[in-house]
Number of protein chains: 2
Amino acid sequence: MSIQLTPTARVILGMLKLGARTGYEIKQVIEVSTRFFWGASYGQIYPELKRLSQAGLVSASDAPRGGVKRTEYELTPEGERALEEWLAADDFGTFELRDELLLRFFFADLLDEADARAVVRRIRERSEWIVERFREIEPDARDGIREGRLYPHLTLQYGLALMEWTAEWASKTERQLENGGTQ
Amino acid sequence: MSIQLTPTARVILGMLKLGARTGYEIKQVIEVSTRFFWGASYGQIYPELKRLSQAGLVSASDAPRGGVKRTEYELTPEGERALEEWLAADDFGTFELRDELLLRFFFADLLDEADARAVVRRIRERSEWIVERFREIEPDARDGIREGRLYPHLTLQYGLALMEWTAEWASKTERQLENGGTQ
DNA sequence: TGAGCCATGTAAACGGTTACATGATTCC
DNA sequence: GGAATCATGTAACCGTTTACATGGCTCA
């Protein structure tokens, strides 16, 4: 029925609805929220805002700060409708994973035992590193709750639990590879 | 020191080492093994095999079946070295996730309760669907064990456990959203 | 004979990152 | 005065998917 939103348009419309107003702000918010499962770069955000403006899903207005050119964007009614339609869509949508450590783990029969264990250790370290990043942004998400934004916090809780589970799996696997190899 | 392998080159070299010989075979193996965390399409595989051949990491030989042109590839010693070096590399490598259902979950404050619950149900259904796909390929991975390929099976076990954990999380979250909403 | 799989490949389009460029403002 | 950060944007490049094209082989 309506326009199929491009991947980056999906975050942009959502972030505008949550209160971000400029390309810069959208990027900042993404970096402390969705970037682990839905990133976007300036090279995508700015052109996409223009396209959305031309398509009538957002409205642009000049809002310079001092001598600096600056454009604020807002959802139009059509933009709101497109966002809601996408959010309520009855499909799985995109699900893509690219995990180089997991690929190395898959091929680990080609490695000696020490190197194979190192791959698993790396997986654990990465999970622990991500857990730390999540804990850093947790206060932000907690603040949001008071303003009625419950789901960003729930999403973060999910991410935390997932990364802790993965770190646990890696620890266990490391120990198994130490005692008695891969038997 | 040596050539930085392109993303697709990394699977290709590994799959050749595990016994695949043609672009077609590589693609088949990927589809029943790494595709959930490291996919590749013909449009990448065939040109990449040519590049790898020119770079001296694989050797090509004509091996027609009947009247059909067909090229078999094999790792050269330099290819073996490049593969081992990449496998033993001391970094995290690529880790990318793009998950549209999770993005919808993040924005679910913009939905009414029924639609928000539907997003979580979708996450559960997707996990269950992936678990089923994994169970279908499990016999393949089990067969590999007898031929000394232990890690593909371990990777599958990890994937299974991860998707079951996710389905559990979604079930639990669905129940929480039913009783008392998001409180 | 026709369906379906085996097998190979190319071209176009798409989405994304990275590097580059610019200049104002803020803070030490 | 200089560094860092705020803010906006473009151009080039890269990797990937999709659609298209071809044609032989196998089996019902």
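Each chain gets a letter, A, B and so on, in the order its sequence line appears, and its residues count up from 1.
Taking a cutoff of 4.0 Å between a charged side-chain nitrogen and a carboxylate oxygen, A:Arg122 and A:Glu125 qualify as a salt bridge. Looking at B:Arg121 and B:Glu174, no side-chain N of the basic residue comes within less than 4.0 Å of a carboxylate O on the acidic one, giving no salt bridge. Under the 4.0 Å criterion applied to side-chain N and carboxylate O atoms, B:Glu85 and B:Arg81 are not assigned as salt-bridge partners.
The ring of B:Tyr158 has its center no closer than 6.0 angstrom to the ring center of A:Phe105.
Spacing between atom CG of B:Leu5 and atom P of D:dG15 amounts to 12 Å, rounded to whole angstrom units. Rounded to whole angstrom, the span from the CD atom of B:Glu100 across to the P atom of C:dG15 amounts to 13 Å. Atom CZ of B:Arg35 and atom P of D:dT16 are 17 Å apart (whole Å). Atom CD of A:Gln28 and atom C1' of D:dT8 are 12 Å apart (whole Å). Taking atom CD of B:Glu96 as the reference point, atom C1' of C:dG15 lies 12 Å away to the nearest angstrom. One atom, CD1 of A:Ile12, and another, P of C:dG15, lie 13 Å apart when rounded to the nearest Å. In this structure, A:Gln4 places its CD atom 13 Å from C1' of C:dC14, rounding to the nearest Å. With rounding to whole Å, B:Arg51 atom CZ is found 10 Å from D:dC14 atom C1'.
In this structure, B:Gln44 contributes its side chain and B:Ala40 its backbone to no donor-acceptor pair below 3.5 Å.
Of all the heavy atoms in A:Arg104 and B:Leu87, the pair that sits closest is CD-O, 3.5 Å.
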Apply salt bridge (Lys or Arg N to Asp or Glu O under 4.0 Å) to residues A:Arg133 and A:Glu136 and explain how you reach the verdict. CA-CA 5 Å; A:Arg133 298 293 78 68; A:Glu136 281 170 11; 2.7 Å; yes

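Look at B:Gln44 and you won't find any side-chain N or O under 4.0 angstrom from OP1 or OP2 of D:dG15. For A:Thr8 and C:dG16, the shortest distance from a side-chain N or O to OP1 or OP2 is below 4.0 Å.
Sorted by first then second residue, the salt bridge (charged side-chain N to carboxylate O under 4.0 Å, His left out) pairs that include residues 2-11 of chain B, not counting sequence neighbours, are A:Glu100-B:Arg10.
The only member of A:Leu101, A:Asp99, A:Leu102, A:Ile123 that meets side-chain contact (heavy atoms from CB on, under 4.5 Å) when paired with B:Phe95 is A:Asp99.
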Atom pairs, protein N/O to nucleotides 20-22 of chain D N/O, distance under 3.5 Å:
none

Encode nucleotides 8-13 of chain C as B, S and - characters from 5' to 3', where the letter depends on protein heavy atoms closer than 4.0 Å: B to the base, S only to sugar-phosphate, - to neither. BBB---

